[in-house]
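Hydrogens, waters and symmetry mates play no part in the numbers below; they use all other heavy atoms, side chains included.
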Amino acid sequence: MNPIFKEYCKFLKDTVNLELEEGYYWLDNQIIKALDKQGNIHKLYRITIDDNLSISYKIPRNYETIEDFDLASWDDLIEMNMAHLENIESEAKQLIIDKMIKFAGYTPLVPVSMGKDSQVTCHLVRECYPDTKAIFNNTTLDCTDTYSMAKKFPNCETMTPKQGFYQYIKEVQMIPTRFSRFCCRIFKVGEMVNQLDHNTPYLMFMGMRNEESNTRSGYGDEWVNKAEWGDTKWQGILPIRTWSELDVWLYILWSGIEINPKYKKGYARVGCHIACPYYTKSTWVLDKYWYPTMRTRWEDILRDDFIKNKKWIVMNCTLEEYLNVAWNGGAYREEPTEEVIEEFAKYNGLDVGDAKVAAQYFNKYCSNGCKSKSGKMKKIKDRDVISMNMKFHGREIDKFLCKKCFMKLYEMDEDKWNWWIERFKQDGCVLFTDEE
């Protein structure tokens, strides 16, 4: 639940003509909420975003109006929760001091992302130990607001990889998805692991909280990232792990900690700008409004990926659907629509009027009953494999073989497979052309 600042108020006014005033409202999973002076939460509006990224709002039946309760401002809530804020601050500071004593031979560090949790953690650590060094991992994916904060953040070392995210995905020809998220390991944590001395005992004060996820719900005050830190002498400490999101925001507002401008624009998270596969339509709408140049750049990359890798076949969606809502996941729908098939035919040099040929590329499975590692029927996703089946067996076939089974049937090795494909392309066969 994030406070709604004047910047997001402007966004709502410009996009859906909803007028709100800074200092009273909260955004929670696209539901605009407010609290009364007894601490009760009230739902006011729901923000809705369609698959074409058009935005609207509504007031569902069970929601309330502002006139129905005694609206509490952020200042009211800070005053109401003052004793609690002072208590959790005191407990966090005492934890920091206790761990510094316990791990007396360790060098303290605070990894910061310029996000709210790491900002609070760094503030608490430096309240106790002012000279503690911070480290900012440059993912090469953050926005200018975040980089501006990092540049002026005191006593902070920036760790930048030799190869940036955009160069990397161009080289490996892969877009991160919810099912293949390589970017965090390489760009979010990887550079810190690469650059810090593994033999130096570091005490990492980190902003992770139990409330954030099921995985983190079981973390204690001490935590070691065995999966990513490897064989190091590093120890993690989580001073605010029991804090709620409301605790964090009220403490920030009370303490005057600098707020990343991206939060003020309506974002719930500030890291890995534009390209994170775990962002959703609500983020992409904000991207189009606040960062149109970066959004356009990412759409150009996605468009190239979709066309070059023939993702009509894999995703069962159109190019526009891929750009707006489908790029970060699996198949968009179970069966392709006529529009999907026609668009595929158009981009791939097939006769749009011959729907049967174009349709043959979609949702094909190996007729030999081959299965994937998960035990499901093996879907044939590669266009060349489907084209080889139709070229050798006829365009009207209804049974297809996966690449492995096809090569076995015709006693082909990889070189022979590639020789046939190249020959058909040189002959100008439309089944193998790469028109765009």
Hey, are [X] and [Y] close enough for a salt bridge, meaning a charged N less than 4.0 Å from a carboxylate O?
X: Glu321; Y: Lys311; result: no
X: Glu342; Y: Lys346; result: no
X: Glu414; Y: Lys403; result: yes
X: Glu411; Y: Lys416; result: no
X: Arg297; Y: Asp300; result: no
X: Lys133; Y: Glu157; result: yes

Problem set entry | For His393, ring-ring contact (aromatic ring centres under 6.0 Å, His included) partners two or more places apart |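 Checked His393 against ring-ring contact (aromatic ring centres under 6.0 Å, His included); matches are Phe406, Tyr410.
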Geometric class of the [Y]/[X] ring pair [parallel <30°, tilted 30-60°, perpendicular >60°]:
X: Trp249; Y: Tyr263; result: perpendicular
X: Trp327; Y: Trp284; result: tilted
X: Trp312; Y: Phe344; result: perpendicular

Is the cationic atom of [X] (NZ for Lys, CZ for Arg) positioned less than 6.0 Å from the six-membered ring centroid of [Y] and within 45 degrees of its normal?
X: Lys391; Y: Phe424; value: yes
X: Lys262; Y: Tyr267; value: yes
X: Arg209; Y: Tyr219; value: no

Exercise. Does the ring-ring contact (aromatic ring centres under 6.0 Å, His included) test come out yes or no for His198 and Trp229, once each step is laid out?
Worked result: CA-CA 8 Å; His198 289 198; Trp229 292 354; over 10 Å; no
Exercise. Could you state the interatomic distance from OH (Tyr365) to OG (Ser372), rounded to the nearest 0.5 Å?
Worked result: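 The distance works out to 10.0 Å.
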Counting heavy atoms not belonging to [X], are there more than 12 under 6.0 Å from its [atom1]?
X: Asp427; atom1: CG; value: yes
X: Glu64; atom1: CD; value: yes
X: Asn29; atom1: CG; value: no
X: Glu22; atom1: CD; value: yes

Is it the case that the side chains of [Y] and [X] hold a donor-acceptor pair, with the cut-off being a distance below 3.5 Å and no angle test?
X: Asn363; Y: Glu335; result: yes
X: Asp68; Y: His42; result: no
X: Asn52; Y: Asn324; result: no
X: Asn348; Y: Arg383; result: yes

For this session: Just do the ring-ring contact (aromatic ring centres under 6.0 Å, His included) check on Phe11 and Tyr8 with the steps written out, would you?
Result: CA-CA 5 Å; Phe11 167 81; Tyr8 188 66; 5.4 Å; yes
How far apart are the closest heavy atoms of [X] and [Y], and which atoms are they?
X: Cys370; Y: Cys402; result: SG-SG, 3.9 Å
X: Gln119; Y: Met149; result: NE2-CE, 3.4 Å
X: Trp74; Y: Tyr24; result: NE1-N, 3.5 Å
X: Gly329; Y: Thr177; result: N-CB, 4.5 Å
X: Cys122; Y: Ala134; result: SG-CB, 4.4 Å
X: Trp243; Y: Val120; result: CZ3-CG1, 3.7 Å

[Y] backbone acceptor or donor facing [X] side chain under 3.5 Å:
X: Asp142; Y: Tyr147; result: no
X: Ser113; Y: Gly115; result: yes
X: Thr132; Y: Leu109; result: no
X: Asn81; Y: Leu77; result: yes
X: Gln360; Y: Met390; result: no
X: Gln167; Y: Gly164; result: yes
X: Asn138; Y: Thr160; result: no

For this session: Start with the C-alpha gap between Tyr202 and Asp197, add the side-chain angles, then the distance that decides, and say whether side chain to side chain donor-acceptor pair (under 3.5 Å) holds.
Result: CA-CA 9 Å; Tyr202 287 111; Asp197 184 0; over 6 Å; no
For this session: Would you check, one step at a time, whether the test side chain to side chain donor-acceptor pair (under 3.5 Å) holds for Asp76 with Ser73?
Result: CA-CA 5 Å; Asp76 291 333; Ser73 68; 3.1 Å; yes
For this session: Please determine which of Thr121, Asn210, Asp247, Ile88 meets the side chain to side chain contact (heavy atoms under 4.5 Å, CB included) test together with Ile240.
Result: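 Going through the options one by one, the only one that passes is Thr121.
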Problem set entry | side chain to side chain contact (heavy atoms under 4.5 Å, CB included), paired with Trp26, selected from Asn2, Leu35, Leu44, Ile4 |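 Per the side chain to side chain contact (heavy atoms under 4.5 Å, CB included) rule, the option paired with Trp26 is Leu35, out of Asn2, Leu35, Leu44, Ile4.
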For this session: Can you spot which of Lys13, Lys10, Lys6 makes a salt bridge (Lys or Arg N to Asp or Glu O under 4.0 Å) with Glu19?
Result: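 Answer to the salt bridge (Lys or Arg N to Asp or Glu O under 4.0 Å) test with Glu19 among Lys13, Lys10, Lys6: Lys13.
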For this session: Please list, chain by chain and in numerical order, all residues satisfying side chain to side chain donor-acceptor pair (under 3.5 Å) with Ser387, sequence neighbours excluded.
Result: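 Partners of Ser387 by the side chain to side chain donor-acceptor pair (under 3.5 Å) criterion, ordered by chain and then number, come out as Tyr361.
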Problem set entry | Contact list for residues 44-53, test salt bridge (Lys or Arg N to Asp or Glu O under 4.0 Å), sequence neighbours left out |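 Residue pairs passing salt bridge (Lys or Arg N to Asp or Glu O under 4.0 Å), neighbours aside: Asp51-Lys281.
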